[in-house]
Structures are given as structure tokens and as C-alpha cells.
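We're numbering straight along the sequence, starting at 1.
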Amino acid sequence: MRGSGPVVCMSRLGKMGRWANQIFQFAALAVQAKRHGATIETPPWVGESVFGIQSDRPRGDLPEWAENTDAAGHPLPPAGAEMLWHDFVGYGQCHMSYYAPEREYLRELFTPAKAVRERLEPALERLAARGSTRVGVHIRRGDYVKHSGFVQL
């Protein structure tokens, strides 16, 4: 049942970018919801099963709010509550200082769900047995080669 309080929505979540984009987009919604006591509305997305996140489904009647950019094209965070009662269009990849006050909240939010953790723990234990430093590398394979400045491996 829907509450009567404010809402932040992204009906395009899962359709504008892949995994990392969806994390940033949901983080933008989550920070706005936390700061303004709002409910989050999204379509089903992979984060629901990976992180155990539950959201209401979009009601479909909210006007769009597109994130703004500076003169260089860098995304700007919302200045206040302008995302409330809107359907967010953007990527939420603004400067990380915007997210810093909610750092611990976001870490908790993006912690793998119990079923996922149980499957990951044996691999993490094997890695830990090899040493204390773990390094992850994200390699894009294919979709960015059409843009200048990127090299395909």
C-alpha cells in the first residue's frame, strides 16, 4: 500500500545503463528519500535480488525531472528537494561529496543479501587466505570502443 508522503521515482531504472549506472541511479534516489523522508518507486531491477532492496512500483503519473549539468557537462546534484514527486531521468554520477554524508547508509544499502553473501563467502575466504590486499578491476569490453579516447583490450 502506498504511503501519503513524498515520493522519488525512476521508471527508467534498468533501461538507462547497466550495473554500475543502476547503482548510482538508485543511490541518487536513496539519498533523496533518506534526506526528505520519501518513498522510492522503481521497476524491478537486479539490485532487488542482489541487495534485498524493495521499492514500490512506479505509479506512472509523475512529471520527469532531468538532472542538470554544469558548463563542462558534469552532472550536478539536486540543490534541494526538486526530485520529490518526480520521475528522475539521469545517472546520479555527480561529485561524491554529495553522497558523503550518507556514506554509511549507502554501504549498508548496497551490502549483498544473505543468500548472495553465502555464495560469495567461500571465494572471499580463499582470497583472504592468500593475503590481506584485494584489488578489483572493472574492464569495459566493447561498448565504449566507438567513442574516441577509449581503447579496446
Side-chain angles (χ1 to χ4, degrees), residues 1-117 119-120 124 134-153:
M1 171 168 253
R2 294 190 190 279
S4 59
V7 169
V8 290
C9 174
M10 184 169 192
S11 63
R12 291 178 180 84
L13 185 65
K15 294 183 170 91
M16 289 180 60
R18 294 185 292 186
W19 176 246
N21 285 313
Q22 292 173 37
I23 297 294
F24 276 107
Q25 290 160 340
F26 196 87
L29 296 172
V31 164
Q32 281 289 295
K34 184 169 184 348
R35 290 179 182 173
H36 300 288
T39 300
I40 299 172
E41 294 181 353
T42 67
W45 69 292
V46 68
E48 292 179 349
S49 57
V50 173
F51 303 118
I53 294 172
Q54 296 302 311
S55 303
D56 288 344
R57 298 299 173 232
R59 60 188 72 208
D61 59 353
L62 296 174
E64 291 181 355
W65 181 81
E67 66 188 350
N68 296 307
T69 58
D70 64 16
H74 301 116
L76 296 171
E82 60 266 34
M83 278 178 71
L84 298 183
W85 296 111
H86 285 91
D87 189 355
F88 175 53
V89 179
Y91 292 94
Q93 295 177 19
C94 57
H95 194 276
M96 290 295 103
S97 61
Y98 172 73
Y99 294 104
E102 271 70 55
R103 177 181 307 152
E104 291 307 316
Y105 167 67
L106 292 172
R107 284 181 179 163
E108 270 183 42
L109 184 67
F110 294 124
T111 296
K114 182 180 179 194
V116 175
R117 278 194 321 268
R119 302 244 358 232
L120 289 174
L124 292 173
R134 291 181 230 156
V135 177
V137 178
H138 177 191
I139 299 174
R140 300 288 297 249
R141 298 285 318 249
D143 64 326
Y144 267 61
V145 297
K146 63 185 174 217
H147 303 290
S148 63
F150 293 95
V151 177
Q152 184 173 8
L153 299 175

- [ ] Begin with the C-alpha distance, continue with both residues' side-chain angles, and end with the deciding distance and a verdict on side chain to side chain contact (heavy atoms under 4.5 Å, CB included) for Asn21 and Gln93.
- [x] CA-CA 8 Å; Asn21 285 313; Gln93 295 177 19; 2.6 Å; yes
Exercise: identify the closest heavy-atom pair between [X] and [Y]:
X     : Y     : answer
Phe24 : Gly92 : CD2-O, 3.7 Å
Met16 : Gln25 : O-NE2, 3.0 Å
Cys94 : Tyr99 : SG-CE1, 3.8 Å
Glu48 : Arg57 : OE2-NH1, 2.8 Å
His86 : Glu82 : ND1-O, 3.0 Å
Trp85 : Pro63 : O-CD, 3.6 Å

TODO: Given side chain to side chain contact (heavy atoms under 4.5 Å, CB included), test Arg12 with Val89 step by step and report yes or no.
DONE: CA-CA 7 Å; Arg12 291 178 180 84; Val89 179; 2.9 Å; yes
Determine whether a donor-acceptor pair (N or O, by modelled atom type, separation under 3.5 Å) exists between the side chain of [X] and the backbone of [Y].
X      : Y     : answer
Gln32  : Leu84 : no
Asp87  : Ser11 : yes
Glu102 : Ala30 : no
Glu67  : Tyr91 : yes
His95  : Ser97 : yes

Looking at side-chain heavy atoms only, is the closest gap between [X] and [Y] below 4.5 Å?
X     : Y     : result
Leu29 : Glu41 : no
Phe51 : Ile23 : yes
Leu13 : Phe88 : no

From [X] atom [atom1] to [Y] atom [atom2], the distance as rounded to the nearest 0.5 Å:
X      : Y      : atom1 : atom2 : result
Asp56  : Ile40  : CG    : CD1   : 9.5 Å
Arg103 : Glu108 : CZ    : CD    : 14.0 Å
Thr42  : Ile53  : OG1   : CD1   : 8.5 Å
Arg119 : Lys114 : CZ    : NZ    : 15.0 Å

Task: Arg35 NZ/CZ over Tyr98 ring centroid, <6.0 Å and within 45° of normal - done: yes
Open item on the list: I'd like to know if Glu104 pairs up with Lys34 as an ion pair, taking the criterion as any Lys NZ or Arg NE/NH1/NH2 lying under 4.0 Å from an Asp or Glu carboxylate oxygen.
Closed with: no
Open item on the list: Using the rule given for side chain to side chain contact (heavy atoms under 4.5 Å, CB included), can you reason through Val8 versus His36, listing the C-alpha separation, both sets of side-chain angles and the distance that settles it, and then say yes or no?
Closed with: CA-CA 10 Å; Val8 290; His36 300 288; over 6 Å; no
